[in-house]
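What follows is a set of notes on a single structure, which appears directly below.
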Amino acid sequence: MSEDFSNVNEQSEPSSGGAQMPMGIFIGLILLGYIGCYKVDQLNANFAANVHAPFTEPDEVASLAPSARELLVARGKQIYSKSCVACHQANGAGSGTDIPPLAGSEWVKGDPATIVAIAQMGLIGPISVAGKNYGAGTMTPAGETLSADEMAAVISYIRIEWGNGGDTISTDEVNAARKAVNDSSQSGQWTVEGLKAAGFAIPE
Amino acid sequence: MSELTDNTAPEAAPEEINASCRWPVLFLFFSAALWLVKAALIGVMGSFKLHMPEFLSDISFLTYGHLQANAWVAFLFGFGGNAGLGLTLWMLSRLRGAPLARPGFVIAGAVLWNVGVTAALVGITLGDQSGVAGLELPVYAGRVLLIGQAFIAFSAILTYFSRRHKQLYPSTWYLMAALIAFPWIVGTAHWLLAATPVRGAAQIPVGHWASTSLLQVWMGCLGLAAVLYFIPKIIGRELFSRQWAAFGFWMLLLLGGWVNLNSGSPLPVWQIKLSQLASGLFIFVVIAVGWNLRQTARGVPLLGSENLTLKFMGFALGAWIVSGLFTFCNVCPEWNSILQFTYANTALRHLFAWGFFAMAMLGGIYYVAPRLLGSSLDWPCGAWMIRVFQMIAAGVVIITLAGVGMAWGHGQALQQTGIDAAALQTKAIMPLRIAFLGEILFMVSSLIFLGSLMCLLFRNCCGDFSPMALWRQIREGNQKEPVETEGSAQ
Amino acid sequence: MNKAPWIFLGVLFTLSLSWWGMVFGPSVQLAAQSADKGDGTAVLHRVGLAKQGEQVYRENGCYYCHTRTATGGEFGYELRLTQLGDDREITDEVLGDSVKEGDDNHRLIDLAFAFKAVAKSRKAVVDASKAVTEAKDEEKAELETAAATAESELASAYTSFETTFADVASGISDQEGKDNLLFAAYGLSGVELKEKSVMTRLGMGEQIVAANKEIADEAVIKLTDGTAKWNARINPESVVRLKDLVRGLKTRAGAQFKLQPVVINWPDVQNGVAARQSVTRDFMHDAHAMPGVMRLGPDLANAGGKPALADANQFYVHLYQPRLISEKSAMPPYRYLFRKVKLNAGEAAPDNALEHADLEEGYAIIPTEKAEALFEFLKSLRTDALPEAPVVDNPQPANDQ
C-alpha cells in the first residue's frame, strides 16, 4: 500500500475501529489480579498503621513492644518524676522528719485503696511509716491533676520500685478507690484518723 | 438512541476550526516554548553544580535544591501545561468537529496560567517550595494555576459538549480525563499538603499520589491523547480497536496514581504492597496502548518515517512503553529496593517527561502550529526541527541508559556493608554527571525549537519584514548572487 | 463510550477510587495515630529553632540529596525470657523443645520454680498466722491446724529448694558460679523475698543480695538465637515455633519476654546509618514530611545521633565549606547562611565564630539564625526506639560513616 506521509495533505480526523479484545487478556487480568490481590491479602499486615517493613504482622509488632506491665511502670516513673519527686525524692526515701519514705513503706505495700485515697486528697501528719514517726508535713492532693490512668501508673510504679515488690494496680481499682473517697464526704486532706474512720485499711 | 434524535449542527470545516483556535492556541504554544527553554536552562545549571559545587554558590537560589525544583516546575506547569492545554483545545475542536468555544476565556486563562507559573518560580527562588518532591509548587501559585485552568477548561468543556461529530474518539476521553484530573490532583495537593495539611506522615502517601498522578495520569493522558490522535491520522487508518483503547484508558486512570512507591518508604506495609500491586497491573495499560497502536501502524516504520510528526509520536510511544515497563518492574521489591534512593527515579522521570511527554507535545505543535497560521505548511527553519528530535532522543537515551545503569551500581553499593563513604559518593554522583550531557542536549534542542517557532511566527506575521526575509535580502545584496534555490529549499 | 457525559462521570468515579486508596485511606489512618509511646513519653513536637530549621531544610531543597529514610533489612529474632509465669506444667508445655531436660536453662527454670514455691508457701504461712490472730475463738482451732500445715509445707519447700539447688549446682565448684546460678534463677522467678530470715535460709545474705542484684535483674534465658524468623515464607519451621512460643508465653504461661531483632544482613544498621528502620511516627509532627529523593549525601534519619553532629563547630564548618571537612564532598557550600565580619587588629572573634585552621584570617564567620535552626533541626532527627520499631541488635561493629 502506498501512503502519503507528507504534512501537507491532511487526512480526515481519525476514527476508531471495532476490533475485539481477545478473551485471553481478560483471563490474564483476572488471573494476575487474583494472584496480586491474594499476595496483598497475605502481606498487608491487616492494614495496620504500625507495621512497617521488614516486620510483617500486627501480632509480631505487638510482641516487640514492651509488656503492658513494663509500659505502665515506665509511665508511672515519668509521672513520679514530675509530680512526686520534689518531696519523696528519686530514691523514694522522703526527707527529714516531715516527709515519710515510699521505699519500704507498709502504707505503699498495703491495701492499694488506701494509698490511692492518700494520693487523691493529700494527707496531714503525723503518720508513722516503717517504724518512724513523721511530723506535721502536709501532702498536697494530686486527685485533680492526675487522671485515673495516670494514678494507676504512678501507684503501680511506687508499689514495685525500690524493692517494694508489690503488684501493679488497674485503672478500675483506682476508680473504685476514688468512689470510696467521694462517698466518705471528706474535704481537704486526710488525717490518719480520718482515713480509718472512712473505712480504709490502715497498716499496723 | 440519542444519536437518532440529536439535531446536531454539521461538522465545521478544518479551516474554520483552525481559525477559531489560532491566537489562543498559538499563545499557549509560544509560552510553552519559552518555558521549555527556561526549564532546560535551569536544569543544566543544576546539573552543572554537581561538577563544580563551588560555582556561583554564594547566591542562595542557585543551589541544586532551588534549581532542581525550579526546573521541574517550569517543565511540568510551564511547558507541560501550556503545550498540553493548547493541544487539548485544538484536538478537542477537531475531534468534536466544532470551532473552539469562547476563545476569550482561553486567552484569559492562559495569561493567568503563565502568571501562576511565574509566581511559582519566583516563590521557589525566594524559598517557598512545598517540600513535596515532584510537586514543588508554592501554595499561592497553585491557586492561580487552578483558576487559570478553570478558564481554559470552561472553553474546552463547552467545545466537548457541542457534539457535532458522532463518535467520541478515544483521544477525547484522555483529554477530558486530563482536564478533570488536573484540578483534582493539584487541588488535593493544595488542600491536604499546604492549606490544611494532613498529619506529617500522611503527607508522604498524599504527596506521592499527587506527584505520581500528575505525571502518569495528567501528563500521561495529554501525551497519549496526542499519540493516539496523530499516529492514525497521519498514516490515514482508523485506530485498531476502540475496546483496547477503553481498556487502557480506565486502567491508566485507576492505577496511575498508585504506582512507583519506593519499597523503602517509611509507610505501613499495606501501602507499599498496594503500590506494588498497582505497578504490576500497570503492564495491562502498557499492553493495551502498545498493542493497539502497533496494530494500527502495522507495517509503517514510525521512527524511520519521512514524516517528522510521526517520528516524534513514534519516539514518544516507545518512551512511554519503556517507562511503563520500568514501572512494571517495581512489582518486584528486590528491584525497587536497589534503585529507590539513586538517580534512577529522576532518570526515569526524564524519560517520561522528555522522552514521552515533550516528544508528543513537540510533535503535535510541529503539526498544528503552521496550520493555525493558515500558511504554507513547511516550517521556515524546517531542517532544524529534525535536529530537535534527534537531540532530545539522544539525550533521553543517554540519561536512561547511563543514568539507570550507573544508578544500579550506586544502589548495589548502598546495599553493601562497610563500604567507604567517599567511594559511595563517587558512585552516587557518576550517573548525574553523565546525565549532564543529556541535559545539555535538551537545552540546545529547546533553544532551537524556540527559534524555529519564532521564525514561523515572524514569517507569517511580518511577511517581507520578517528577520529571515531581511537576512535573505542582505545576503543577496552582499553576494550579488541569486540564492532563490536555497531559499525555496528551506 | 460515545456519550460525553458518561465519560465525564466515569473519569470522576475512577479518579475518586484512586484517590480513596492512596490519599483518603492513609490520611485517615495516619491522622488517627497517637503520639503516645505507651510509657508516658510521647513523640515530641519540634519547638523553637528546630521547628524553624525544618523550613530551612525545605527551602534549600536539602531533601533532594539527603533522604530521611532508613530502610529495613534481613534479621532474625532472639527471644529472651525474662520472667517465668506461675504454672510449671504450662510453662514446660509452652517451652517444649526450646529447653531440653538436663541443659543449663532447664536447671535454671527448676531452681526458679523452687524460689516460687518457697515464696508461695511463705506467703501462705504469713496469711495463715494473720488469720489465726484475727479469728474469733470458735474458729481458731481449725485455723491453727491450717497454719501448722502451711508451716510444714514451707519446711518441705525449703527442703525441696535445697535439694534442687544442690542438684543443679552439682557441677559447679566455685562459690561465684553458684551465686550466679542462684541469682539468675531468683531474677527469672520474678518473686521478691524481703524477709531477712527467708533470704538467709536460702543462702542469700543481705550483702550477697546487694552484690548480685545486677545478675538477678539481667537474668534471661535465650529461647532462640538471632536467626529465628517470624515470616513464614522464609523459614516455615522456625516461624511456627517462634510464633507459638511468643503466643504461648504471652497468653498461657503469663511469662515476660523480650523479642529482640538481631541483624543478619541489614546494611543501613550495619553501616551506622540508623539504629532501626524509619517509620511513620518519625514524621508525625513534621509540618512538611520530606522523606527524600536521592542519597547523594548521607541519609539523615539518625542525624541527631551521629558523632558528626555532636560538635557544632564541625557541623558549621562543613556547612560553610564542605571540602574543609571531607575533601571530595560534592555538597555545595552554604556560605549565605553565615555572616562574614571583618575583625579589627587585635579584636578577638566572637564565641560563636567558626574555628578551623584553613579559614581566612582576620575575619569572623558567624552562623546566622538559619544555620543555627538547621543545626537544631538535624539534631532532632533520631531513630530512638519506638514500640513498633525497637532498636535492632547489631552484633557486628558498626562501620560509622
Side-chain angles (χ1 to χ4, degrees), chain A residues 1-68 71 75, chain B residues 11 14 94-95 97 165 167 169-171 228-245 247 251 263-264 266-270 272-274 276-278 280-281 283-284 287-288 291-292 295-296 299-300 305-310 331 333 366-367 370-371 376-378:
Chain A
M1 57 173 103
S2 71
E3 270 138 342
D4 179 10
F5 289 151
S6 76
N7 255 354
V8 182
N9 296 338
E10 186 173 334
Q11 304 276 1
S12 60
E13 301 308 327
S15 60
S16 46
Q20 298 280 316
M21 286 171 68
M23 260 334 265
I25 198 84
F26 288 109
I27 294 171
L29 177 68
I30 289 166
L31 208 68
L32 265 171
Y34 179 79
I35 295 172
C37 289
Y38 179 77
K39 279 288 201 192
V40 169
D41 193 40
Q42 213 177 26
L43 302 174
N44 67 14
N46 247 348
F47 294 97
N50 65 345
V51 182
H52 302 79
F55 305 137
T56 51
E57 287 179 15
D59 221 16
E60 176 184 10
V61 171
S63 308
L64 289 169
S67 65
L71 287 176
R75 188 164 181 215
Chain B
E11 284 184 37
R94 278 301 191 91
L95 286 166
H165 200 81
Q167 198 189 35
Y169 185 71
S171 283
L228 283 168
Y229 176 80
F230 284 105
I231 290 181
K233 181 179 171 85
I234 291 172
I235 60 182
R237 297 184 191 161
E238 65 174 10
L239 185 70
F240 171 63
S241 162
R242 200 174 168 74
Q243 245 181 34
W244 274 109
F247 179 67
M251 291 290 277
S263 64
L267 291 174
V269 283
W270 72 265
I272 290 163
K273 294 295 164 201
L274 187 68
Q276 279 167 8
L277 174 66
L281 293 179
I283 193 72
F284 287 100
I287 292 173
W291 180 251
N292 203 4
Q295 292 297 83
T296 307
V300 179
S305 159
E306 298 277 301
N307 185 303
L308 190 53
T309 307
L310 216 48
V331 72
Y366 178 77
Y367 186 90
R371 287 183 163 73
S376 118
L377 294 176
D378 267 349

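Letters A, B, ... are given to chains in the order of the sequence lines, protein chains preceding strands, and every chain is numbered from 1.
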Side chain / backbone / both / neither for B:F240 at chain A, heavy atoms under 4.5 Å: both

Going from CD on A:Q11 to NZ on B:K233, what distance comes out if it is rounded to the nearest 0.5 angstrom? 8.0 Å

Most contact-rich option vs chain B, by heavy-atom pairs under 4.5 angstrom, among A:P54, A:A45, A:A49, is A:A49

Working to the nearest 0.5 Å, report the span between SG of A:C37 and CG of B:L281. 7.0 Å

Residue A:I25 versus chain B: region with a heavy atom under 4.5 Å: both

For A:A48 and B:W270, the nearest pair of non-hydrogen atoms, with its separation, is O-CD1, 3.7 Å

Can you check whether A:Q20's main-chain N or O pairs, donor with acceptor, with B:Q243's side chain at less than 3.5 Å? no

Nearest 0.5 angstrom please: B:L277 CG to A:L43 CG, how far? 11.0 Å

Give, as side chain, backbone, both or neither, the part of B:L267 having an atom under 4.5 angstrom from any heavy atom of chain A. backbone

In Å, rounded to the nearest 0.5 Å, how long is the span from CD of B:E238 to OG of A:S12? 10.5 Å

Without swapping roles, check the side chain of A:S16 against the backbone of B:R242 for a donor-acceptor pair under 3.5 Å. no

Between CZ on residue B:F247 and CE on residue A:M21, distance to nearest 0.5 Å: 4.5 Å

Given side chains that start at C-beta, do those of A:P22 and B:W291 come closer than 4.5 Å, heavy atoms only? no

Determine the option with the most heavy-atom pairs under 4.5 angstrom with chain A, choosing from B:A288, B:P232, B:G280, B:P268. B:P268

Heavy atoms of B:Y169 and A:P14 approach each other most closely as CD1-O, 3.5 Å

Which region of B:P333, side chain (C-beta onward) or backbone (N, CA, C, O), has a non-hydrogen atom less than 4.5 Å from a non-hydrogen atom of chain A, or is it both or neither? neither

Hey, could you give me the CG/CD1 distance between A:L29 and B:I287, rounded to the nearest 0.5 Å? 10.0 Å

